[in-house]
Amino acid sequence: MPSVNEYKLRGDLMNLTEERKWIQAQLEAVADFWLKNGMDEVNGGVYTCLDKDGKVFSTDKSVWMQGRCGWIYAYLCHVYGVKEEWLKASKSCLDFLEEHCVNKNAEGRLYFTVTADGKPLRQRRYCYSEAFYCIANAEYYGVTGEKEHLERARRAYDMYWNLNHGMPDPTGMGPKTEPSTRTGRALGIPMILLNVTSVLLRVDPEKADLYNARADECVSDIFKYHFKPELGCTLESVAPDGTPRLDVTEGRIVNPGHDIECSWFLMERANATGDKELHKKAVEIFDLAFDKGWDKEFGGILYFIDCLGNPPEAYEHDMKLWWPHNEALIASLMIYKDTGDEKYLGIFRQILSYCEKYFASAPCGEWYGYLRRDGNPTLPACIGSTFKGPFHVPRCLIMLDTMLKEIEERG
């Protein structure tokens, strides 16, 4: 791959070949950045709280990121072939997860954060630690064939599914809100379940019937409860029957990045099943989210918006975070690849240009995580955190490289 400084995008002179070279260079730099600066050679696993120079500023470890890092380096091996340093990084995170992050007093639920050497710090009600533990083990099995990792993935997947379908939480923690006053549905549950299920379908075809049935249920829930074309959006939180709760701030919140991520999860499912109608509906989700989320004044995708135009409650609502832009790059290029509609190639290039100018301008090889509305990084600038590690950026770059290759080969 070319060096990260060898290629720069050049406005109107951009073409798909040039863009792919830039993306490849970015991917090599990002993957190397975390290997060099994040991996804990003493305790195992990965540190993700890193400043703009790659220096660790907190040694607490995100359990999400142990799973996500474990997955990304195994996925790199899946896509590009096994490299010893990639497989070693994945295994380090998997071993750290298994030795330190599984709460054996709560039927195998995982913690949310732990210390550098693995002592538990926080347990959370929601189950995304289990989701990322699952895909990391599944992907590692897909690369190595080691059945132990498949069994871990299957157990975690079933727990993750069951916890979101009525299973009492073995940690003993109750719901965050008072059920008699307000319960609801969160978009993150079916959309992330759909993505996790897609990984299992790819690496574990033996249980394809189960995974396909669950994937179809996730798709149904997204459209039955969350997609609200009459409001021009997909809502993050709705009542149990899908009724919008427009009298409260929580019920009006739209996370454009989430909706866009959801759209490409749905497109992947549509492509896997040949469901053209589902693909059209997924594109509609993208269109509505991008139209509402793109900042017409400064560029970039706003973090939260209110579907009725009221002030959002979250202080960070007008910031520009890395991951919605990663999801928008994937989704827009996927639509172009699947449909040939030049409109979406234009949107892809619009987002790519913004990312090059603002996120990829960090001096260390990775992208900035958090920008102010005007595109300047928050100060002190942050490259990694409890929520940002080797996941969204490299996943995006891998997928873009793969799709661009397919477009080039198709001519």
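Every value quoted in this text rests on a predicted model; they were computed, and no experiment measured them.
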Seminar exercise, completed: So CD1 of I407 and OH of Y336: to nearest 0.5 Å the spacing works out to 6.0 Å

For this session: Report yes or no: does N212 contribute a side-chain atom to a donor-acceptor pair with the main-chain N or O of A208 at less than 3.5 Å?
Result: yes

Problem set entry | Residue K228 excluded, over 12 heavy atoms near NZ under 6.0 Å | yes

Seminar exercise, completed: OG1 (T197) and CD1 (I135) are apart, to the nearest 0.5 Å, by 11.0 Å

Exercise. Is the backbone of V199 close enough, under 3.5 Å, to the side chain of Y211 for a donor and an acceptor to pair up by distance?
Worked result: no

Exercise. Do the non-hydrogen side-chain atoms of R349 and L16 ever get within less than 4.5 Å of each other?
Worked result: yes

Exercise. To the nearest 0.5 Å, how far apart are CG in L266 and CZ in F286?
Worked result: 13.5 Å

Problem set entry | Stepwise side chain to side chain contact (heavy atoms under 4.5 Å, CB included) check, V63 with F132 | CA-CA 9 Å; V63 176; F132 305 130; over 6 Å; no

Problem set entry | Side chain proximity check, Y47 to N37, heavy atoms < 4.5 angstrom | no

Going by atom type alone, with no hydrogens or angles, which donor-acceptor pairs under 3.5 Å involve a side-chain atom of residues 309-322 and a protein atom two or more places apart or on another chain?
unit_1	atom_1	unit_2	atom_2	d
K320	NZ	D295	OD2	3.1
K320	NZ	G299	O	2.6
K320	NZ	R373	O	2.8

Exercise. Are K91 and E146 close enough, and set up right, to give a salt bridge (charged side-chain N to carboxylate O under 4.0 Å, His left out), and what steps lead you there?
Worked result: CA-CA 12 Å; K91 186 65 161 57; E146 295 180 17; 5.7 Å; no

Problem set entry | Derivation of the side chain to side chain contact (heavy atoms under 4.5 Å, CB included) call for K147 and Y141 | CA-CA 6 Å; K147 290 281 287 187; Y141 162 75; 4.0 Å; yes

Problem set entry | Euclidean distance, K292 NZ relative to D306 CG, rounded to 0.5 Å | 9.5 Å

Exercise. Is L288 close to T234 at the side-chain level, that is, under 4.5 Å between some pair of heavy atoms?
Worked result: no

Seminar exercise, completed: What one should report as the nearest heavy-atom pair of H258 and G188 is CE1-CA, 4.3 Å

For a quick test of your reading: what N or O donor-acceptor pairs under 3.5 Å do the side chains of residues 380-399 make, sequence neighbours left out?
unit_1	atom_1	unit_2	atom_2	d
S385	OG	Y370	OH	2.9
S385	OG	F387	N	3.1
S385	OG	K388	N	3.1
K388	NZ	E366	OE1	3.0
K388	NZ	W367	O	3.0
K388	NZ	I383	O	2.7
R395	NH2	E261	OE2	3.0
R395	NH2	E327	OE1	3.3
R395	NH2	E327	OE2	2.9

For this session: Answer yes or no: is there a side-chain heavy-atom contact under 4.5 Å between P120 and N103?
Result: no

For this session: Mind checking the SG-CE spacing from C134 to M159? Nearest 0.5 Å is all I need.
Result: 12.0 Å

For this session: Show the numbers, then the answer: is there a side-chain hydrogen bond (donor to acceptor under 3.5 Å, both in side chains) between N195 and R269?
Result: CA-CA 9 Å; N195 181 243; R269 181 64 183 164; over 6 Å; no

For this session: State plainly whether the residues K61 and D40 are in salt-bridge range, i.e. N to O under 4.0 Å.
Result: yes

For this session: Would you check if the side chain of H149 reaches a backbone N or O of A138 as a donor-acceptor pair within less than 3.5 Å?
Result: no

Exercise. For the atom pair CZ (R68) and SG (C93), what is the distance rounded to the nearest 0.5 Å?
Worked result: 13.0 Å

Seminar exercise, completed: Between H325 and the options Y354, F290, Y303, F348, the ring pair (Phe, Tyr, Trp, His ring centres under 6.0 Å) test singles out Y354

For this session: Report yes or no: does E130 contribute a side-chain atom to a donor-acceptor pair with the main-chain N or O of L110 at less than 3.5 Å?
Result: yes

Exercise. Do side-chain atoms of H100 reach the backbone of F96 as a donor and acceptor pair under 3.5 angstrom?
Worked result: no

Exercise. Should we count CG of D241 as having more than 12 external heavy atoms under 6.0 Å?
Worked result: yes

Exercise. Would the number of heavy atoms belonging to other residues, nucleotides or ligands and lying under 6.0 Å from NZ of K207 be above 12?
Worked result: yes

For this session: Test D169 against R109 for side chain to side chain contact (heavy atoms under 4.5 Å, CB included), laying out the working first.
Result: CA-CA 9 Å; D169 187 341; R109 283 219 56 193; 2.9 Å; yes

For this session: Run the numbers on Q66 and Y133 for side-chain hydrogen bond (donor to acceptor under 3.5 Å, both in side chains), then give the verdict.
Result: CA-CA 8 Å; Q66 307 311 305; Y133 169 93; over 6 Å; no

Exercise. So, do T339 and H279 sit near enough that their side-chain heavy atoms are less than 4.5 Å apart?
Worked result: yes

Exercise. Can you tell if the side chain of T115 reaches within under 4.5 Å of the side chain of T59, non-hydrogen atoms only?
Worked result: no

Exercise. So does E230 have more than 12 non-hydrogen atoms from other groups sitting under 6.0 Å from CD?
Worked result: yes

Problem set entry | Donor-acceptor contact present, side-chain R252 to main-chain L246, <3.5 Å | yes

Exercise. Are the side chains of R154 and N137 in touch, meaning some heavy atoms are under 4.5 Å apart?
Worked result: no

For this session: Go through the steps for Y344 and D287 under the test side-chain hydrogen bond (donor to acceptor under 3.5 Å, both in side chains), then give the verdict.
Result: CA-CA 10 Å; Y344 295 98; D287 286 340; 2.8 Å; yes

For this session: Dump the intermediate steps for side-chain hydrogen bond (donor to acceptor under 3.5 Å, both in side chains) on S90 and Y75, then the final yes or no.
Result: CA-CA 9 Å; S90 178; Y75 189 58; over 6 Å; no

Exercise. Are the side chain of K296 and the backbone N or O of W294 linked by a donor-acceptor pair below 3.5 Å?
Worked result: yes

Exercise. Side-chain contact, heavy-atom cut-off 4.5 Å: L210 with L200?
Worked result: no

For this session: Give a yes or no answer on whether the side chain of S353 reaches the backbone of Q350 with a donor-acceptor pair at less than 3.5 Å.
Result: no

Problem set entry | F223 and F227 aromatic ring geometry - parallel, tilted or perpendicular at 30°/60° bounds | perpendicular

Exercise. Is R152 salt-bridged to E148, cutoff N-O under 4.0 Å?
Worked result: yes

Exercise. Stepwise, does the side chain to side chain contact (heavy atoms under 4.5 Å, CB included) test hold for K83 with L76?
Worked result: CA-CA 9 Å; K83 287 188 178 181; L76 280 163; over 6 Å; no

